[in-house]
Structure formats: C-alpha cells, structure tokens
2 protein chains.
Amino acid sequence: MRLSTKGRYAVTAMIDLALHNDVGPVALTDIADTQKISVSYLEQLFARLRKNGLVTGMRGPGGGYRLARAADEITVAEIIAAVDEQIDMTRCAGKQDCQDGEKCLTHELWVDLSRQLYDFLHGITLGQVLQWPAVKQVAERQEARHPRGFQSKSENVA
Amino acid sequence: MRLSTKGRYAVTAMIDLALHNDVGPVALTDIADTQKISVSYLEQLFARLRKNGLVTGMRGPGGGYRLARAADEITVAEIIAAVDEQIDMTRCAGKQDCQDGEKCLTHELWVDLSRQLYDFLHGITLGQVLQWPAVKQVAERQEARHPRGFQSKSENVA
DNA sequence: CAAATCCCGAGTGTTTCGCTAGGAAAATAG
DNA sequence: CTATTTTCCTAGCGAAACACTCGGGATTTG
C-alpha cells in the first residue's frame, strides 16, 4: 500500500462525486476546475476507478461520473488501492526466498504493518468523511460559489 | 505523510537495531547484508534518522548505530516521517488560498485524513512490533544463522 | 600507525508523477 | 442529420523521487 498525492487526488474527486451523487453525474471538467489539475490526468485516475468498479461513466452532454455504489459502501482504502500501481512493495515480490532461501524480516514485517494500515483505511468510508465538520464546511462554501447540478442543464454560471 | 519502500527500509533497519540494542552497536554493513541493499543508501537513511534523534552513531572499529531511545519510546510514525522528504503534500503548500482565496476541499480533507493516519502509526512502537509473532520468528532464525553481537568481536562467521 | 566505521557530497539510471497531445466513440441539442 | 459535449484510449514528456554508486573525508579502536 503506497500513499502519495495520487491517492489524495482520487479520494478528493470521489468526495466531489459523493457530494453530488443524488443530483446527477459530475463532469471531469468541474472536478479539474475545483482541484486545479488537468482533465487528462483526472481521466487516467478515473480509468482506474472505473476498472475497479468504484465509478460509472456516462458519455455525452450532461454526462460525467457517478459513484457505482453508495458512499457508505466505498472505503478510502479501495480508492487508494485502485489508483496505485501496487507493484512489488516487498523486495522478494511474492517469492518468499529473498534471504537465504527463506522469508526475510522485511517481508513479514511489512506484510503485517501494511495489513494493519489497510484495515485502518478500510474502516473509513466515503460516507463517514462527508460527515467530518471541516469537509462539510468547505463543501457548503463550494456549493454556494459554484452551484452544480441543482439547476437544470440549461443555465450557465459563468 | 508519504509511504513507500523508503520508509520500509528505515523501519526494518530500526527493528534490526532494536533486536541488538542490549548487545552493542550494529554496523551498516550487517544491515545492508541482511536487507540486501547498498551501504551508501543506508547511510543516507541513517543520516536522517540521526538528525531526527532516533539513532546515535559510534565511529571506529566495533562501532555502528544504536537506538537513541528505548524501543518502546520510538514509534513507526516517527521513523517514516524522518526519512520522508515531507515536501508540500498539499497543493497550496501551507498557504490556504488555493481556491478562490480560501482553503480548498483538498486541503482540509487530506490534513484530516493524514492526521488520522499519523495518529494510527504513532500508536505503534518499535517495542510492540518486536512482539509480533512473525517478526520474532524471523528474527530468531536470522540470529541463528548470522549471530551478531552475542560473541565478542574476535570471531568470524564466514 | 592502520583498519574499521561513520560522515558527507556529487553524480547516475530507472521509475513514478503530473501533465500534454491527439484522437475515437457515444450521447445529447438543435 | 449535424454539431457539440462528454467519456474513453494511447502515446509521450519534463521533473521529481527512488535506489544506488563513487570518492573522499573524519574519528575511534587495536
């Protein structure tokens, strides 16, 4: 389990989807605008999220992405695992003969620690994060400044 | 808080030190041998650990590194934070004006999540890890094959 | 003294990060 | 039907980080 800005972008984008889940799909251009990152980079992240069954895409005007499941059924661990390459964190890469033909200390130790970390992040759902005071606050302010989805598709804010 | 193989090397090396803490300092060549990584790379990691007050170095023949504190007083979070660059994890880099002159959702969300993660890893001490069955097992096998420190400095295994 | 070991800085190849570019397919609007 | 909007897909690119190498010190032990 790796942890970098890549996972953060993914989690934040999923929060964005969860906030507008009952209104309609969210276009990547909207997320790119609020997160200040490029659409193409978001596309690559969402390709992974889609392949892992976390979001569903809807093409055409008015389309966008939407959560594939309820916010309470999606954990932070799933999101991070989806966008991370998840290549051999252990040096022995699955083969447990990294030292003297047997498992090295590194292997067992990190498998255990990584497991504990995964369990921790697996216990946090998107629905829970939405209830965090700081998140609710910023979400409300964002909605006030850039209303998305509450009006029908015929209006333009800018 | 970032998490990669770099942090794993550091944690594993610290475990190695903790295992031999009551016998004497551990030379980097020994750690490099068991972990199968280069001495120079370990030196760079230990430079950071030393600057963060986690280990103390002792030069000259018979020297090496030793824990600066008791194993129960050192947490996994400290070790990982010591070796990580810890540059701007937030896009706004401390300045909280990343969106419309105010804090963005990214900022608050990740500060919260990162904090929870840090607290979790801060709750795990080196002393606790030493008690994990898997770690004890491999440690005992390693000690049997490559006894270090239990004999005086006058013997050679190979 | 000489050997062992920590200490330090500069440089190197590979991978990942974040992004750009260019298009193709699908769905809606007119 | 056509034009626009959006997802989808692939390829590549500069910068950063990763893991490492090399070369030289400084300091302590024997």
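Order of the sequence lines fixes the chain letters, A, B, ..., with proteins taken first and strands second; residue numbering starts at 1 for each chain.
Remark: C1' of dC9(D) and CZ of F46(A) are 16 Å apart, rounded to the nearest angstrom. Atom NZ of K51(B) and atom P of dC7(C) are 10 Å apart (whole Å). Put simply, CD1 on I37(A) is 14 Å from C1' on dT20(C), counting in whole angstrom units. One can place CG of D30(B) at 14 Å from C1' of dC6(C), the figure rounded to the nearest angstrom. Between the P atom of dA17(D) and the NZ atom of K6(B) lies a distance of 9 Å, rounded to the nearest Å. Atom CZ in R48(A) sits roughly 12 Å away from atom P in dT10(D) (whole-Å rounding). Between the CZ atom of R66(B) and the P atom of dT5(C) there is a distance of 15 Å, rounded to whole Å. The interatomic distance linking M58(B) (CE) with dT5(C) (P) rounds to 13 Å, in whole Å.
Heavy atoms from other residues, nucleotides or ligands lying under 6.0 Å from CZ of R69(A) number more than 12.
Rounding to the nearest 0.5 angstrom, the gap separating the CG atom in L28(B) from the CD atom in E43(B) is 6.0 Å. The NZ atom of K136(A) sits 5.0 Å away from the CD atom of Q131(A) when rounded to the nearest 0.5 Å.
Phosphate contact (OP1/OP2 of dC8(D), side-chain N/O of Y65(A), threshold under 4.0 Å): present. OP1 or OP2 of dT21(D) sits under 4.0 Å from a side-chain N or O of S38(B). Phosphate proximity of dC8(D) to R50(A): present, with a side-chain N or O under 4.0 Å from OP1 or OP2.
Nearest approach of A18(B) to A71(B), heavy atoms of both residues: CB-CB, 4.4 Å.
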Exercise. Do Y65(A) and L42(A) pass the side-chain contact (heavy atoms from CB on, under 4.5 Å) test, and can you show the C-alpha distance, the side-chain angles, and the key distance before you say yes or no?
Worked result: CA-CA 11 Å; Y65(A) 283 96; L42(A) 269 177; over 6 Å; no

Exercise. Run the side-chain contact (heavy atoms from CB on, under 4.5 Å) check on V129(B) and I15(B) step by step: do they pass?
Worked result: CA-CA 8 Å; V129(B) 176; I15(B) 296 286; 3.4 Å; yes

Exercise. Is there a side-chain contact (heavy atoms from CB on, under 4.5 Å) between L126(B) and E73(B) once you walk through the steps?
Worked result: CA-CA 8 Å; L126(B) 269 190; E73(B) 305 290 330; over 6 Å; no

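Checked by distance alone, E43(B) brings no side-chain donor or acceptor within 3.5 Å of a matching partner on the base of dC6(C). The base of dT21(D) is paired with the side chain of Q44(B) by a donor and an acceptor separated by under 3.5 Å.
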Between protein and nucleotides 1-5 of chain D, what N or O pairs are separated by less than 3.5 Å?
none

